[in-house]
Amino acid sequence: MQGIISAVRRNSLADNAGIKAGEKLCAVNGVLVRDIIELSYLVADEQVTLTIENQEGRQRQVVIEKYPDEDLGLEFAAAVFDSVTTCYNNCVFCFVDQMIPGMRKSLYVRDDDYRLSFLYGNFITLTNMKEEDFERIIKTHMSPLYVSVHATRPEVRCKMMNNRFAGELMSKIKRLTEAGISIHTQIVCCPGYNDGEVLEQTYHDLKALAPMVETMAVVPVGITKHREHLTPMRLFSKAEAAAIVDKVTVWQQECREKFGKSFIYLGDEFYLLAEKQLPEALWYDGFPQLENGIGLSRSFLNEWQLAIARNLTFKKGTDAVIPVGTSAFKILQPLVDEFNDKNGSHHRFLPVNNEFFGDTINVTGLLVGRDILNAAQGMKRIILPAVVLNQDNLFLDDMSLDYFKKAFAGRVERAANAHELVALLNR
């Protein structure tokens, strides 16, 4: 049981009670705390007794009187205090299996924990859950959840996940939805496995459970160059991607007529590979799966246009490069070309080949520090998209932002979104 306190808000109840960052919350009213979800229920009383352990391992009891809805002022190093449930499937498309050795441990964790699904939108398979987990979800109404479906045809899902019990998916989903738990779903689409008729069946099966099944996202399989001894897998061709886009567009029209929303959404890579126009923002219905890469390009394009419209003056700033994946470069470069025409600057997006994972990986979010450095040699100013860094300012190859700044000869800045990017380019 971890429960390590990472921060204590100043002048909060916990601060006034003498609780310090680095200490550990072990129990509330004598009950061991499994996660921050359970903690929220345990501290709802007007008086709570916290068991706190200091960094020397000594425990003490801290009694706090509070209003029922008053926050203690504690932040934790992790949302789950006991061990995170990990995945015991052996999926043919698993990206973690394609990572090279020697990187930070967190990159190799295949979490399959329903609590992280509820809290952060992590996708779970429902294959690594116990009966008590389902009961807790229903009792505490943890909704929505995010479920990796891949295929509703049992034999296909079992084959893709190398788990003979994976075919029990639909009965589990129905149990949750009938109990009032809404679900967002994801399909990692692999050529020859779950495309074609299998994808069509999956669509109809999930659509039949709407509105409790809220969305269905279809993303193409990602393949790195590190697939030695793994199941053979290929990428979609341009023609195959175009066929999927055409089919899904018809389904979206059908759903918009029936539900008033698209329901099924494609990952941006399908449109970029097929060289087909991205749907308008309206068809993404508020971008419910943006963190899953659904509609990132359209969202950025719309943000950019809004930022440009709000920009009253255009100044010629120091020329900058913005590193991006090769897939998005074609639709992004015209934006900055138009911007340059307004102020006479020479900013540009920089397409970066992914040498680390292989050139089959072409999205911005999977670029690493060393590849960006190599591509930007000789440049005087670089603006990093925030998506290439984690919360600890590390690139995927474990290069720190501080190291990057020392290794890059020019000016290094970061933009979290299109609004920040436009503001930086205007300096």
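For reference, positions follow the sequence shown, starting with 1.
- No side-chain N or O of D319 forms a donor-acceptor pair with one of S345 less than 3.5 Å apart.
- A donor and an acceptor atom, one from each side chain of S6 and E75, are nowhere located under 3.5 Å apart.
- Applying the side chain to side chain donor-acceptor pair (under 3.5 Å) test between R115 and each of N122, D133, T85, D35 identifies D35 as the sole match.
- You'll find the side chain of P220 stays beyond 4.5 Å of the side chain of C189, heavy atoms only.
- A distance of 8.0 Å separates OG in S143 from CZ in F118, rounded to the nearest 0.5 Å.
- Closest approach of P144 to E214, counting heavy atoms only: CB-OE2, 4.4 Å.
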**CA sep, side-chain torsions, deciding dist, call: R256, S262, side-chain hydrogen bond (donor to acceptor under 3.5 Å, both in side chains)** = CA-CA 5 Å; R256 294 194 72 81; S262 297; 3.0 Å; yes
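- The closest side-chain donor-acceptor pair between R414 and N393 falls under 3.5 angstrom.
- Using a cutoff of 4.0 Å between basic side-chain nitrogens and carboxylate oxygens, D205 and R153 are not scored as salt-bridged.
- Using a 3.5 Å distance cut-off with no hydrogens or angles, the side chains of N353 and D359 do not pair a donor with an acceptor.
- We find the CG-CG distance between D111 and N128 to be 10.5 Å, quoted to the nearest 0.5 Å.
- Using a 4.5 Å heavy-atom cutoff, the side chains of L384 and E413 are not in contact.
- Summarising the local packing, CZ of F134 is surrounded by more than 12 heavy atoms from other residues, nucleotides or ligands at distances under 6.0 Å.
- Taking the six-membered ring where the residue is Trp, W304 and F349 present tilted rings, their angle falling between 30° and 60°.
- In this structure, CG on D112 lies 8.0 Å from OG1 on T86, to the nearest 0.5 angstrom.
- Side-chain atoms of Q201 and T152, non-hydrogen and from C-beta on, do get closer than 4.5 Å to each other.
- With ring centers used as reference points, F123 lies under 6.0 Å from Y146.
- Remark: E70 CD is packed, more than 12 non-hydrogen atoms of other residues, nucleotides or ligands lying under 6.0 Å away.
- Counting heavy-atom neighbours within 6.0 Å of Q253 CD, excluding the residue itself, gives a total above 12.
- For D402 and S400, the side-chain atoms include no donor-acceptor pair closer than 3.5 Å.
- In terms of heavy-atom proximity, E53 sits nearest to C26 at CB-SG, 3.7 Å.
- Ion pair R234/E240 flagged as a salt bridge, since at least one NZ, NE, NH1 or NH2 atom sits closer than 4.0 Å to an Asp/Glu carboxylate oxygen.
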**Request:** Tell me, with the steps shown, if I181 and M142 meet side chain to side chain contact (heavy atoms under 4.5 Å, CB included).
**Result:** CA-CA 7 Å; I181 307 300; M142 294 187 196; 5.6 Å; no
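- No close placement of the Y265 and F270 rings is indicated, their centers lying 6.0 Å or farther apart.
- Surrounding OH of Y108 are more than 12 heavy atoms belonging to other residues, nucleotides or ligands, all under 6.0 Å away.
- Proximity of E254 to V250: side-chain heavy atoms (C-beta onward) are nowhere separated by under 4.5 Å.
- Within 6.0 Å of NE2 in H346 there are 12 or fewer heavy atoms belonging to other residues, nucleotides or ligands.
- Open room surrounds CZ on R164; 12 or fewer heavy atoms of other groups in view lie less than 6.0 Å from it.
- Contact check for V92 versus K159: no side-chain heavy atoms found under the 4.5 Å cut-off.
- Atoms CD and CG, on E23 and L50 in that order, are 11.0 Å from each other to the nearest 0.5 Å.
- The closest side-chain heavy-atom distance from Y284 to P279 is below 4.5 Å.
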**Asked** Given the rule in the side-chain hydrogen bond (donor to acceptor under 3.5 Å, both in side chains) test, do Y88 and R110 qualify, once you have shown the distances and angles that lead to the verdict?
**Response** CA-CA 8 Å; Y88 292 98; R110 298 193 294 183; over 6 Å; no
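- Across L396 and L107, no two heavy atoms sit closer than the pair O-CD1, 3.5 Å.
- Residues E38 and R34 are paired through a salt bridge, judged by an N-O separation under 4.0 Å between the basic side chain and the carboxylate.
- To the nearest 0.5 Å, the span separating CE on M103 from CG on L394 amounts to 10.0 Å.
- Taken to the nearest 0.5 Å, the CE atom of M399 stands 11.0 Å off from the CG atom of L389.
- The six-membered or imidazole ring of F93 lies near that of H150, with a centre-to-centre distance under 6.0 Å.
- There is no side-chain donor-acceptor pair under 3.5 Å between T125 and S148.
- By the 4.0 Å N-to-carboxylate-O rule, K247 lies too far from E197 to be salt-bridged with it.
- Of all heavy-atom pairs spanning L272 and S327, the tightest one is CD1-O, 3.4 Å.
- Using cut-offs of 30° and 60° on the angle between ring planes, the pair F408 and F404 is parallel.
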